[in-house]
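One is the number of the first residue; the rest follow in order along the sequence.
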Amino acid sequence: YYMAYRSAILIDKQVIDADIETVIDGDVTAIRTYLATGEEGHMILTDGMLFIVNHDDKTAFYMEYNEEDVDDQSVISQPQNITYTGEGNAEFMGEAHDYEEYQTGDGILRFFFDEEQQMVGITVISDTDEAIQEMAIIELSNAYPAYLVEIPEDYEITVVSDDAEGNSE
């Protein structure tokens, strides 16, 4: 699936605003983040490799990726042990919406819906209340732009190895 969304993350009383595009398609996962500060991040996971793409410098580096080696707090990990806890109506991005609520191992997920029962957003609340993230969905579909999962041919790609010696392709 493809999801484009506007995100506001509250961490330590500071708000971080970002526009984010995410693709999950079989064994391929890609996340591209555009921060309000002008910074951009792009990560692609495919075929056991993690690619970090820098579009400003037209470069990318990659390393082997083993999902079992990543801790549960990773941006790419999926919530485990999700339990439905109820539904209600609450404010989301300044408007009242119906929601479904789920408890995870890390906190609470609320999925907000409009009058046509289309999902309009998600709120993630950590168990410690140290972080709250609101995601207003811009687009949710099965089709996605190819640029999210491809590295342009004119980019220099470098491997990052365990011995800290990089090799360029």
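By the neighbour-count criterion of 12 heavy atoms within 6.0 Å, atom CG of N89 is densely surrounded, having more than that number from other residues, nucleotides or ligands. Counting heavy atoms of neighbouring residues, nucleotides and ligands inside a 6.0 Å radius, atom CD of E139 exceeds 12 of them.
I11 is not connected to I132 by any chain of hydrophobic side-chain contacts under 4.5 Å among Ile, Leu, Val, Met, Phe, Trp and Tyr, and they are in different clusters. No path of Ile, Leu, Val, Met, Phe, Trp and Tyr side chains, each step under 4.5 Å between heavy atoms, connects I138 with F92, placing them in separate hydrophobic clusters. Connection of I24 to I137 is established within a shared hydrophobic cluster, with ILVMFWY side chains joined at heavy-atom distances below 4.5 Å, either directly or through further cluster members. Residues M43 and M63 are members of one and the same hydrophobic cluster, defined by side-chain heavy-atom contacts under 4.5 angstrom among Ile, Leu, Val, Met, Phe, Trp and Tyr. Using a 4.5 Å cut-off between side-chain heavy atoms of Ile, Leu, Val, Met, Phe, Trp and Tyr, with links allowed through other members, I82 and F112 fall into different hydrophobic clusters.
Side chains of S141 and M3 form no contact here, defined as non-hydrogen atoms less than 4.5 Å apart. The closest side-chain heavy-atom distance from I44 to I151 is below 4.5 Å. Using a 4.5 Å cut-off on side-chain heavy atoms (C-beta onward), I108 and V124 make no contact. Looking at I157 and Y62, their side chains come closer than 4.5 Å, going by heavy atoms from C-beta outward.
Ring geometry for H55 versus H42: interplanar angle under 30°, hence parallel rather than tilted (30 to 60°).
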May I have the step-by-step check of side chain to side chain contact (heavy atoms under 4.5 Å, CB included) for E134 and S7, ending in yes or no?
CA-CA 6 Å; E134 288 192 330; S7 178; over 6 Å; no
Run Q133 and T123 through side chain to side chain contact (heavy atoms under 4.5 Å, CB included) and show every step you take.
CA-CA 6 Å; Q133 179 178 16; T123 296; over 6 Å; no
Test side chain to side chain contact (heavy atoms under 4.5 Å, CB included) on Y84 and E100 and set out the steps.
CA-CA 8 Å; Y84 176 79; E100 292 179 1; 4.2 Å; yes
Determine whether Y144 and V149 satisfy the following criterion, side chain to side chain contact (heavy atoms under 4.5 Å, CB included), listing intermediate values before the conclusion.
CA-CA 9 Å; Y144 55 86; V149 298; 3.8 Å; yes
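Put simply, OH on Y2 and CG on D25 are 13.5 Å apart, with the number rounded to the nearest 0.5 Å. To the nearest 0.5 Å, the span separating CG on D98 from CZ on F113 amounts to 9.0 Å. To the nearest 0.5 Å, atom CG of residue D47 and atom CG of residue D27 are 7.5 Å apart. Note: Y5 OH to E21 CD = 10.5 Å, rounded to the nearest 0.5 Å. For the atom pair OH of Y65 and CG of L50, the computed distance is 8.0 Å after rounding to the nearest 0.5 Å. Within the model, atoms CG of D19 and CZ of R6 stand 4.0 Å from one another, a figure rounded to the nearest 0.5 Å.
When atom types are taken as modelled, the side chain of D12 and the backbone of Q14 share no donor-acceptor pair closer than 3.5 angstrom. Under the 3.5 Å distance criterion, the side-chain polar atoms of T33 are left unmatched by any main-chain donor or acceptor of I20. Put simply, the side chain of N54 gets close to the backbone of D57: a donor and an acceptor are under 3.5 Å apart.
A donor atom on one side chain and an acceptor atom on the other are not found under 3.5 Å apart for Y155 and E150.
Proximity of the aromatic rings of F111 and Y102 is defined here by a centroid distance below 6.0 angstrom, and this criterion is met.
Shown here for G105 and D127, the closest heavy-atom pair between the two residues is O-OD2, 3.6 Å.
The existence of a salt bridge linking E156 and K58 is excluded, since no basic side-chain nitrogen approaches an acidic carboxylate oxygen closer than 4.0 Å. A salt bridge links E101 to R110: one of the charged nitrogens lies within less than 4.0 Å of a carboxylate oxygen.
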